[in-house]
Student: 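Quick one: the structure is below, and I'll ask about it shortly.
For the single chain, residues carry numbers from 1 onward in sequence order.
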Amino acid sequence: LLAGRAPRRGQRHTPDLLHGDDHGVLGRGGQCRDYSATRKYLAERRVLGFGLGPHLMAYCRRRLGHLADTDSRHLPQRVGRTVRLLGFQEAQRVAPTSTGDPMMFLTLGDEYGLCEVCVFPEVYRQTRERFVSYGPYLVRGLVAEQFGSLHLQASQITLVNTPTRQ
């Protein structure tokens, strides 16, 4: 496997891992090409459960920041106001309401912290198919405080299509 050789008839090519290959793993001169920041972050999350470097939202905010009007660090000053917040899905839990309708508790993260989002049944029914990806998500909703804890009551949730997602 380490040394490449010409394939025999009916065999597949074995790449030469020491001297470069033709499948894009090694660049010119046998140097390994680095993964993108997005790919590294997602691999860290998949393997470790968290990212080691800057939060992925720090990279995405450069391109998508115009969509939001706040971030997680400014939510305490926005209680009672409707805001637009960008973030990546950190956790979610679907639970029934007292009438049995499903709703979702969504935790979004950005480069500054976490935000709890309550997705009540009407909005959940409209958006539940969107939660198949890590994100980023744009949430529009009312900032509320209950029992000393802040949360966002979502009125609209959009999975943002960005070239940084992989």
Side-chain angles (χ1 to χ4, degrees), residues 23-25 27 31-166:
H23 296 289
V25 175
Q31 299 295 317
C32 291
R33 284 190 268 175
D34 202 1
Y35 288 136
S36 70
T38 302
R39 187 169 178 182
K40 285 181 195 177
Y41 185 83
L42 294 175
E44 290 166 359
R45 285 190 51 84
R46 187 179 67 251
V47 173
L48 303 172
F50 58 89
L52 297 173
H55 194 279
L56 193 53
M57 196 66 235
Y59 299 106
C60 292
R61 193 163 304 279
R62 294 181 200 133
R63 293 184 198 169
L64 304 174
H66 66 282
L67 299 174
D69 58 14
T70 194
D71 55 52
S72 64
R73 66 187 164 167
H74 295 120
L75 291 176
Q77 294 85 33
R78 305 288 200 285
V79 173
R81 296 186 193 165
T82 298
V83 299
R84 291 184 321 273
L85 178 80
L86 278 167
F88 282 87
Q89 182 177 191
E90 300 294 339
Q92 66 165 280
R93 183 174 71 94
V94 177
T97 63
S98 60
T99 60
D101 294 323
M103 66 174 290
M104 183 170 65
F105 297 98
L106 173 66
T107 304
L108 288 183
D110 65 16
E111 66 271 47
Y112 304 109
L114 300 173
C115 175
E116 297 303 322
V117 180
C118 293
V119 185
F120 291 109
E122 183 179 332
V123 176
Y124 180 69
R125 278 191 294 277
Q126 297 168 7
T127 61
R128 65 178 163 216
E129 290 86 23
R130 296 183 188 154
F131 297 100
V132 296
S133 168
Y134 181 53
Y137 290 93
L138 177 64
V139 177
R140 184 177 192 275
L142 179 71
V143 180
E145 185 175 5
Q146 187 174 19
F147 307 116
S149 181
L150 292 176
H151 65 276
L152 199 58
Q153 296 174 354
S155 59
Q156 185 178 20
I157 301 175
T158 305
L159 174 60
V160 180
N161 188 9
T162 173
T164 60
R165 285 197 1 247
Q166 290 185 355

Student: On a heavy-atom basis, which atom in Gly109 and which in Glu90 lie closest, and how many Å separate them?
Tutor: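 For Gly109 versus Glu90, the nearest heavy atoms are N-CG, 3.6 Å.
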Student: Would you say that Pro121 contacts Thr97 through its side chain, given a criterion of any heavy-atom pair below 4.5 Å between the two side chains?
Tutor: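 Yes, their side chains come closer than 4.5 Å.
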Student: Look up atom OG1 in Thr107 and atom CZ in Arg93, then write down how far apart they are to the nearest 0.5 Å.
Tutor: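 Rounded to the nearest 0.5 Å, the OG1-CZ separation comes out at 9.5 Å.
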Student: Please round to the nearest 0.5 Å and tell me the distance separating atom CG of Leu150 and atom CG of Leu114.
Tutor: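 It comes to 12.5 Å.
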Student: Please output the side-chain donor-acceptor pairs of residues 137-147 that fall under 3.5 Å, not counting sequence neighbours, one pair per line with the distance.
Tutor:
residue	atom	partner	partner atom	Å
Tyr137	OH	Arg130	O	2.8
Tyr137	OH	Ser133	O	2.9

Student: Return yes if some donor-acceptor pair links the side-chain N/O of Asp69 with the main-chain N/O of Arg84 below 3.5 Å, else return no.
Tutor: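 Yes, Asp69 side chain to Arg84 backbone: donor-acceptor pair under 3.5 Å.
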Student: Please examine the side chains of Lys40 and Asp34, heavy atoms only from C-beta on, and report whether any two atoms are closer than 4.5 Å.
Tutor: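 A side-chain contact exists here, since the closest heavy-atom pair is under 4.5 Å.
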Student: Name each donor-acceptor pair under 3.5 Å that joins a side chain in residues 71-78 to protein atoms two or more places apart or in another chain, with its distance.
Tutor:
residue	atom	partner	partner atom	Å
Asp71	OD1	Arg73	N	3.1
Asp71	OD1	Arg73	NE	3.1
Asp71	OD1	His74	ND1	3.2
Asp71	OD2	Arg73	NE	3.2
Asp71	OD2	Arg73	NH2	3.4
Ser72	OG	Asp110	OD1	2.6
Ser72	OG	Asp110	OD2	3.3
Ser72	OG	Gly113	N	3.2
Arg73	NH2	Tyr112	OH	3.4

Student: Look up atom CD1 in Ile157 and atom CG in Leu106, then write down how far apart they are to the nearest 0.5 Å.
Tutor: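 Going from CD1 on Ile157 over to CG on Leu106, the span is 6.0 Å.
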Student: Can you find a heavy atom in the side chain of Met103 that is under 4.5 Å from one in the side chain of Val119?
Tutor: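 The answer is no; the side chains never approach within 4.5 Å.
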Student: Can you tell me how far the CD atom of Glu129 sits from the CG atom of Leu159, to the nearest 0.5 Å?
Tutor: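 So the CD of Glu129 and the CG of Leu159 are separated by 12.5 Å.
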Student: A quick test of your reading: do over 12 heavy atoms of other residues, nucleotides or ligands sit less than 6.0 Å from CD of Gln92?
Tutor: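 Yes.
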Student: Show the nearest heavy-atom pair for residues Cys60 and Phe88, with the distance to one decimal.
Tutor: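 Cys60 and Phe88 have their closest heavy atoms at SG-CZ, 3.7 Å.
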Student: Between atom CZ of Arg63 and atom CG of Leu86, what is the distance when rounded to the nearest 0.5 Å?
Tutor: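 Separation between the atoms: 13.5 Å.
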Student: Are Tyr124 and Val94 close enough, and set up right, to give a side chain to side chain contact (heavy atoms under 4.5 Å, CB included), and what steps lead you there?
Tutor: CA-CA 9 Å; Tyr124 180 69; Val94 177; 3.4 Å; yes
Student: Could you state the interatomic distance from CD (Glu116) to CZ (Phe105), rounded to the nearest 0.5 Å?
Tutor: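 One finds 9.5 Å between CD of Glu116 and CZ of Phe105.
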